[in-house]
Number of protein chains: 2
Amino acid sequence: MLEMVIDDLDNENLYEIELNHPKHRLMAPGPTMVPERVKMAMLRSIRHHRSQYFAGLLEQVRDGLREIFRTDGDILIFTSSGTGMLEAAVQNFFSEGDRVLVVNTGHFGDRWVRICQAYGLTVRVLEVEWGRAVNPKLIEQRLSEEVGREIKGVFVTHTETSTGIENDIEEIGKIVRETDALFLVDTVSGLATSRYQMDEWGVDVSLSASQKGLMCPPGLGFAAVSEKAWMANRRATLPRFYFDLASAKDGMADFKTPWTPAISIIYGVHEAIKMILSEGLENVWERHNKLAMAMRAGITAMNLTLFSINHAPNVTVVNCPDGVTSKELRGKILERFGIYLADGQGRLKDRVFRIGHMGYVDKLDVIATLGALEVVLKDFGHIFDEGAGLREALDVIRG
Amino acid sequence: MLEMVIDDLDNENLYEIELNHPKHRLMAPGPTMVPERVKMAMLRSIRHHRSQYFAGLLEQVRDGLREIFRTDGDILIFTSSGTGMLEAAVQNFFSEGDRVLVVNTGHFGDRWVRICQAYGLTVRVLEVEWGRAVNPKLIEQRLSEEVGREIKGVFVTHTETSTGIENDIEEIGKIVRETDALFLVDTVSGLATSRYQMDEWGVDVSLSASQKGLMCPPGLGFAAVSEKAWMANRRATLPRFYFDLASAKDGMADFKTPWTPAISIIYGVHEAIKMILSEGLENVWERHNKLAMAMRAGITAMNLTLFSINHAPNVTVVNCPDGVTSKELRGKILERFGIYLADGQGRLKDRVFRIGHMGYVDKLDVIATLGALEVVLKDFGHIFDEGAGLREALDVIRG
């Protein structure tokens, strides 16, 4: 049974379920929990998106996102999930038949392959075993093999939450910047959870969204675009309208979005940016790193194994213990403790469970999750040193 | 000066501006004001979009939207503004070069022309003088002229908020259903503000969004799709990914959206649907009709003229009085009373002002707006029978 069985989800039932676990803990790798400050900001009355008031707000959001992406490039804002922004990255910089290289390290790498194919690009895929980050040298090798058959773009996922790995964007950037190819990075989950320095690392197009490190509900997608990318944009002929980045850039000159934006989520992002910058971006990255170390220490001390070889700081992907499915384990944790963990995606469905620790998560959320896991693992007859997980995690936290 | 000049919009200033007009009245034709009940619903903790809890919620939203669109067809939900859904309607049902007819009655008709062109369709445009609804007989005539050169789709805007008109979707439906063409209707602003009966009127694809009659913040787009449209979908080869409606349909079989939806806005729509159905959809339409009649009576009694010949029930488009620009008039009303009216769009910019009365608006909001207008018009030296506007509007309301 995955979660509670809900036969007739009328209002009373909804309310009852909320009551069962008034403190719902969403420990998934996005969407993530929303801080009270952000919720309060989102309650403000809706102001028209063509008003000066809203333009002023959008300017501040633009400035804040520049700091968070670490870029002086253009910031473009859309009502969209992260996937829409991945599509925007394909539509806006390429033409039919263009040769591109997608580094496929998991489910979200797969998604970029599918988008490129949907738009008729000539897609070369660098397949990486799931659970491992790409070795940047392999990208260098592939690019050199393609000499004379120009690769126009290299697509990489920053933190791949389906497998729990983080690719080395800095090293890959050093390779791609030596070519004419654009370097396009999906940092939907990476932004504001793991070190990311767009300009310094030579990234041309960065994509992200509101519901991960930015601690807001889903609803907004972001693209950050370099000058090199705008040059390519002028030649790109793939059809596009809603996600047309050049129109969005024109609009942002007056702090307008081309279409009606998700205004309440803009309020939320405005507040979340203040929280992030007041904590300090470096501290935010370090916090995520610490959370991940504590979680991994706890998990392995409970006689569980990690799926990934390299590790992203915003998610921990855990192999299911023998004889227990992800569905059973996640269902029990939700039922008993109101904690939502994510299932595996794609080929990992029901084989792993994924614990998100991104955004509005602190050390004690990690401890709480490990505590719940300990109780449930014991119920399932998993053999492990009781108390060791919490002990090891506390050691990391304390250190 | 359009609105207050904001030089340095830091937090204190934002707060101060809110304080100046604690009761901001957003009398624009979308986005619109959000009821307290909807705001409270949106505060609920974010639940994962792959949870049973969320699936149950989505089922209720689907059922409610079916009632509101008056369709048994599929309801598909995207994180998007209305424009994204207009693009979805083009991408999902046509192939390059397909011949389509766009009925262009204003700014949003223009937008559909541009989208069709961006995707390489062969676009025939039925241009209608701005301020008038299309005469359905002209559509019949155009379709008969095109015999042998198959028109695959007819695109019409239900209520065109740029000019203030409403097209007769029922009559147009009778004509289009006699052909093989799909009938695609932009009811972004029309839904839950003016009578709309998708199935009975033979509409194949209806597009809408959360921030108009549905009384929510912007963030969600909706498509309702008929069986005839799905047949066309199977042959349609235009590239698409994020807005792929067939994937969305597959997902909705398990009450899942293909990509992360704007979860907090889903909560809001869920609550707004309850409000609408408890008021009664017919009553909602009648309320909007009454608001529009009162507004028009008040406006004309103030010696102002309406831009449109036919009238939508959700917006009143008013010609600026001699010697006063829309910018001046709207700026003054915002400054003195905290009421936001919308400017004209496209070729009507600064020539008209648009008063929205859609969604969470009642009779006394109309009276308040007319009261503010009376004060400001007098300041600008406009000559009119003082008090007549409010008197006439009250007569309609009372009747």
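As the structure is a prediction and not an experimental result, all values here were calculated from the model. Just so it is clear: chains get the letters A, B, ... in the order the sequence lines come, proteins before strands, and each one is counted from 1.
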Chemist: Given that the side chain runs from C-beta out, which part of A:Gln91 has a heavy atom under 4.5 Å from chain B: side chain, backbone, both or neither?
Modeler: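 Looking at A:Gln91, just its side chain touches chain B.
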Chemist: To the nearest 0.5 Å, tell me how far A:Arg44 CZ sits from B:Lys39 NZ.
Modeler: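 Separation between the atoms: 10.0 Å.
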Chemist: Given that the side chain runs from C-beta out, which part of A:Ser210 has a heavy atom under 4.5 Å from chain B: side chain, backbone, both or neither?
Modeler: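 Interface part for A:Ser210: neither.
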Chemist: Working to the nearest 0.5 angstrom, can you tell me the gap between A:His48 NE2 and B:Arg330 CZ?
Modeler: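 So the gap between those two atoms works out to 8.0 Å.
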Chemist: Name the region of B:Leu26, side chain, backbone, both or neither, that has any atom closer than 4.5 Å to a heavy atom of chain A.
Modeler: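 Side chain only.
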Chemist: What I'd like to find out is whether the side chain of A:Ile263 reaches to under 4.5 Å of the side chain of B:Pro31, using heavy atoms alone.
Modeler: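 SC-SC contact between A:Ile263 and B:Pro31 confirmed.
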Chemist: Give, as side chain, backbone, both or neither, the part of A:Gln211 having an atom under 4.5 angstrom from any heavy atom of chain B.
Modeler: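 When you check distances to chain B, only side chain atoms of A:Gln211 fall under 4.5 Å.
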Chemist: Check side-chain hydrogen bond (donor to acceptor under 3.5 Å, both in side chains) between A:Lys349 and all other residues, then give those that pass, not counting sequence neighbours.
Modeler: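 Once residues adjacent in sequence are excluded, the partners of A:Lys349 under the side-chain hydrogen bond (donor to acceptor under 3.5 Å, both in side chains) criterion are A:Asp343.
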Chemist: Quick one: sort the B:Phe243 and A:Tyr242 rings into parallel, tilted or perpendicular, breaks at 30° and 60°.
Modeler: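 Ring orientation, 0 to 90° scale: perpendicular.
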Chemist: Within this structure, what is the CD1-NE2 distance for the pair A:Ile46 and B:His24, rounded to the nearest 0.5 Å?
Modeler: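 One finds 9.5 Å between CD1 of A:Ile46 and NE2 of B:His24.
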Chemist: Does any backbone or side-chain atom of B:Arg111 lie under 4.5 Å from a heavy atom of chain A? Answer side chain, backbone, both or neither.
Modeler: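 Contact with chain A involves both backbone and side-chain atoms of B:Arg111.
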Chemist: Do B:Thr83 and A:Phe241 have side chains that approach each other closer than 4.5 Å (heavy atoms only, starting at C-beta)?
Modeler: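 Heavy-atom side-chain distance check passes, below 4.5 Å.
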Chemist: Quick one: pull up OG in A:Ser81 and NE2 in B:His49 and give me the separation to the nearest 0.5 Å.
Modeler: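 So the gap between those two atoms works out to 8.5 Å.
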Chemist: For B:Arg114, enumerate each residue passing the side-chain hydrogen bond (donor to acceptor under 3.5 Å, both in side chains) test, keeping only those at least two apart in sequence or located in another chain.
Modeler: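 Testing B:Arg114 for side-chain hydrogen bond (donor to acceptor under 3.5 Å, both in side chains), a comparison that skips the adjacent residues, returns none.
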Chemist: Are the side chains of A:Ser264 and B:Ile265 in touch, meaning some heavy atoms are under 4.5 Å apart?
Modeler: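 Answer yes - side chains close enough.
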